[in-house]
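The block underneath contains the structure these notes are about, expressed in structure tokens.
Values below: all heavy atoms of this structure, side chains included; hydrogens, waters and symmetry mates excluded.
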Amino acid sequence: MRVSSIETPCVKICVIHPTAGICEGCGRTLAEIGGWLTLSADDRRRVMATLPARLSQLSSLS
């Protein structure tokens, strides 16, 4: 049996921004990171589509 790989935006920089509450590496919230494996592929893609904007906003906070 072959296990399919799950898309992930993780870049192995797992640091939560103290005020924004999102990962500085991928832009996900802790809830999204914790529930990633239970999301459908469509839900994961929907979250991933928002990550560039989140990371852009995060860079303006620093």
### Task
Check salt bridge (charged side-chain N to carboxylate O under 4.0 Å, His left out) between R54 and all other residues, then give those that pass, not counting sequence neighbours.
E32

#### Entry: Minimum side-chain heavy-atom gap M48-C26 below 4.5 Å
no

### Query
Taking the side chain as C-beta and beyond, is there a heavy-atom pair between E24 and L58 under 4.5 Å?
yes

### Task
Report the residues that fulfil side-chain hydrogen bond (donor to acceptor under 3.5 Å, both in side chains) with T19, sequence neighbours left out, ordered by chain and then residue number.
H17

### For the student: nearest non-hydrogen atoms of W36 and I6, plus distance
NE1-CG2, 4.1 Å

### Query
Who pairs with R45 by salt bridge (charged side-chain N to carboxylate O under 4.0 Å, His left out), at least two apart in sequence or on another chain?
E7, D42

### Task
With sequence neighbours excluded, give me every salt bridge (Lys or Arg N to Asp or Glu O under 4.0 Å) pair touching residues 9-18.
none

### Query
Do C23 and I33 come within less than 4.5 Å of each other through their side chains, counting heavy atoms only?
yes

### Message
Holding to side-chain hydrogen bond (donor to acceptor under 3.5 Å, both in side chains), I want the full list of residues that pass it with T38, two or more places apart in sequence or in another chain.
### Response
none

### Message
I want to check something: taking the side chain as every heavy atom from C-beta on, are I16 and R28 in contact at a cut-off of under 4.5 Å?
### Response
no

### Query
Do R44 and V47 pass the side-chain contact (heavy atoms from CB on, under 4.5 Å) test, and can you show the C-alpha distance, the side-chain angles, and the key distance before you say yes or no?
CA-CA 5 Å; R44 285 193 295 271; V47 170; 5.8 Å; no

### Shortest non-hydrogen contact from L61 toward A20
CD1-CB, 3.9 Å

